[in-house]
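The figures here come from the full heavy-atom set of this structure, side chains too, leaving out hydrogens, waters and symmetry mates. On a predicted model such as this, the values are computed, not experimentally measured, just so you know.
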Amino acid sequence: MTGATLEELRKAKLLGPLEEHGARALCRIGGDERPSVLLAAAIAVRQVGLGHVCVNLHALAAGQPLVAEDGVTTHDVAWPEATRWIDELRVSPVVGHPRDEQRRPLVLDEAGRLYLRRYHEHERHLAEALRARAAAIEPASDERVLDEVLSRLFPPPSGRAGVATNSLPDRSRRQGAEPVARQLSLGLDLDPQPDEQRDAARKAATHRLCVISGGPGTGKTSTVVKILALLVEQRAHAGLRPPRVLLLAPTGKAAVRLTEAIRRAKADVACSDEVRAAIPEEASTIHRALGSIGGSGTRFRHDAAHPLRADVVLVDEASMVDLALMARLVRAVPDEARLILLGDKDQLASVEAGAVLGELCSLGDQAARGEAASSEAAASPEAAALTASIAELTRSYRYEPGSGIAALAGAINRGDAARALKILADPAFGDVERSDPEPGAALSERLRADALDAGRVYLAPRSGKERLAALERFRVLCAHRLGPHGVVTANAEIETLFADAHLIDRRIGPTYDGRPIIVTRNDYQLQLFNGDVGTIVEERGKRLACFVASGGQERHYSPARLPPHETVFAMTIHKSQGSEFDHVAVLLGDRSSPLLTRELLYTAVTRARRKVTLYATETVLADAIARRTERGSGLRDKLQGVH
């Protein structure tokens, strides 16, 4: 491109009509429609749609590439020179300063980050609330009781040691359990490790904010159940009633999984029956708990003036919670309540704007390296308290020491592409493999065979609940939505495959028996939320959409009443967060893309319980492992008190 104008951005498919219209409306209302201001407003609107909270004008002007609608094509744009551009924006009536009381449509901070005002306010309010909550230390009323209960709930480890997901050995191993001598010869550490779970529980018991991050199988749910038991016992010792606990998750599917996991984990907690009975089981979506007003996704009954009725608010899969929703949730948590955020910092960030959990946990990583963003941040007692409230679980107990999935996930997290490719090529790791993608088609012959085998199991006559359970045995995960290896193409090819095999009858239309569907927009009246998965079932001559509630019971809806939804034989990796499948087939394709990142690949691989098949060239995989996800944001600075 020879110059940066709205028209050129639109022609390159870097700017959609709604984004352009939004930018023009902002500038018209603000009274400044100069090209440089229009351009900045348009990019600020566009970047929010791609998950960024703001746009860094210095990085943009320095050559940061933009990705087109297909998620693959990148463009180098001739932006205005950064200093001149920022100077023009600072004097514009459309643009305000972070400390201005005037509510101008855009906000430009000292670092050259340009925000839509509402996102700057979300970021500022969230940072202030989290800093204040972290500073509210609550010493245990009786340290002796706290230590006694912690020792009972978290006894010294015995038996097989867990595997640190960030320190797996680099030598190939046989899959499955191995003798101790064999594990020692491979460098696996069998010595007792510091009890990360106990440390996390102590933080939760003595802080009003606790952030717990851990990968698959690190015991996040079991740790949280023990934390709840600890809080119940602490209050009982002080003569108080059990705490009112809200268990929350960002999607209906994640809420169901949290409910099921807590029910299973409760049975193994070393506590009395009375304490066990006081541990809640039913999880809800965040939207449902906040109480949508009139079906809105931005207006809720509960806020700072009308807080939630809770002593403890626990949020699972917190990496999926975007900035706006997290800000609204934290605002509604009572000041005296505990807030526990649980998730995996290495997973993809939320689909919507923001990466709250990742930025919070980056403070802990920074402290571990002995770094600080500035002397102002290092001197801030609130920042120090915030860092002290963060706990990380690194030892995974899900996979055996010889697990290829665990080894591959560890190599990806370390950015070690050479090691990852060796693991995929090593027959000793039978649970992970790589296959070249089919040029110009989503499904290779091998993938067609796997999909057909899984489809025959899923589509066998059975109840909706049984079908949805069978659907979790195999899933195709796509990095892109569009393109030859995107989710739209993959779903179409799988439907054709199943129709040719007479497993489905597409002549009926989109309500054919057995069609799996995923909700793409929240519906507060029906209590169906973005990411919920259901299936079409035929009962007594009627076709209904079946979903499973958090309590395990089936819910049926007329397909005509459903919110927007789509077929989900294949799904994007983003949509797969919070889910697990026995076998995942991951389509990355044969072309590198800025959207293919280390976090995306790690998220895809860790969705698998038993097997991962990656359909990608070696070059595409290596490029993805080397590339980190970067989201425009100023939250980390604000959390540290840097403005």
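Judged purely by atom type and a 3.5 angstrom limit, E359 uses its side chain to pair as donor or acceptor with the backbone of R636. K575 places no side-chain N or O within 3.5 Å of a backbone atom of G531 that could act as its donor or acceptor partner. A distance-only check finds a donor-acceptor pair linking the side chain of R338 to the backbone of A204 [under 3.5 Å]. Between the R198 side chain and the F154 main chain, a donor and an acceptor come within less than 3.5 Å of each other.
Between E121 and R103 the shortest side-chain heavy-atom distance falls below 4.5 Å. For the pair N491 and V487, the minimum side-chain heavy-atom distance is below 4.5 Å. Inter-residue side-chain proximity for L325 and L290 is flagged as met; some heavy-atom pair is nearer than 4.5 Å. Using a 4.5 Å cut-off on side-chain heavy atoms (C-beta onward), Q577 and T603 make contact. Residues V45 and L15 are not in side-chain contact: their nearest non-hydrogen atoms beyond the backbone lie 4.5 Å or more apart. Using a 4.5 Å heavy-atom cutoff, the side chains of S389 and H207 are in contact. Within the 4.5 Å cutoff, the side chain of L57 has heavy atoms near those of the L108 side chain. Looking only at side-chain heavy atoms (C-beta outward), L247 and V224 stay at 4.5 Å or farther from each other.
We find that R331 and D303 are not joined by a salt bridge, their nearest charged nitrogen and carboxylate oxygen being 4.0 Å or further apart. Electrostatic pairing of D582 and R473 does not count as a salt bridge here, judged by no charged N lying under 4.0 Å from a carboxylate O.
Taking SG from C478 and CD1 from I573, the interatomic distance works out to 7.5 Å, rounded to the nearest 0.5 Å. Atom-to-atom distance recorded for L635:CG and L126:CG is 5.5 Å, nearest 0.5 angstrom. Taken to the nearest 0.5 Å, the CD1 atom of I212 stands 9.5 Å off from the CD atom of Q197. In this structure, D311 CG and L246 CG are separated by 9.5 Å, a value rounded to the nearest 0.5 Å. In this structure, CD on E554 lies 10.0 Å from OG1 on T535, to the nearest 0.5 angstrom.
For the residue pair E196 and T394, a side-chain donor N or O sits within less than 3.5 Å of a side-chain acceptor on the partner. Side-chain atoms of R561 and Q525 include no donor-acceptor pair closer than 3.5 Å. Y115 and R117 form no side-chain donor-acceptor contact under 3.5 Å, judged by distance and modelled atom types alone. Between E472 and S579, the side chains place no donor N or O within less than 3.5 Å of an acceptor N or O (distance only, hydrogens not considered).
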#### Entry: Stepwise salt bridge (charged side-chain N to carboxylate O under 4.0 Å, His left out) test for E128 and K638
CA-CA 8 Å; E128 290 173 354; K638 292 181 178 65; over 6 Å; no
### Task
Test L468 against V533 for side-chain contact (heavy atoms from CB on, under 4.5 Å), laying out the working first.
CA-CA 8 Å; L468 289 172; V533 172; 4.2 Å; yes
### Message
Walk me through whether D637 and R113 qualify under salt bridge (charged side-chain N to carboxylate O under 4.0 Å, His left out).
### Response
CA-CA 12 Å; D637 281 354; R113 292 181 290 236; 3.3 Å; yes
### Task
Decide salt bridge (charged side-chain N to carboxylate O under 4.0 Å, His left out) for E317 and R257; before the verdict, give the C-alpha distance in whole Å, the side-chain angles of both, and the deciding distance to 0.1 Å.
CA-CA 10 Å; E317 297 290 354; R257 289 180 56 80; 5.5 Å; no
#### Entry: Audit row: R118, E123, salt bridge (charged side-chain N to carboxylate O under 4.0 Å, His left out) steps and yes/no
CA-CA 9 Å; R118 66 180 178 276; E123 195 173 82; over 6 Å; no
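Checking each of H287, R555, R288 against Q527 for a side-chain hydrogen bond (donor to acceptor under 3.5 Å, both in side chains) leaves exactly one that passes, namely R288.
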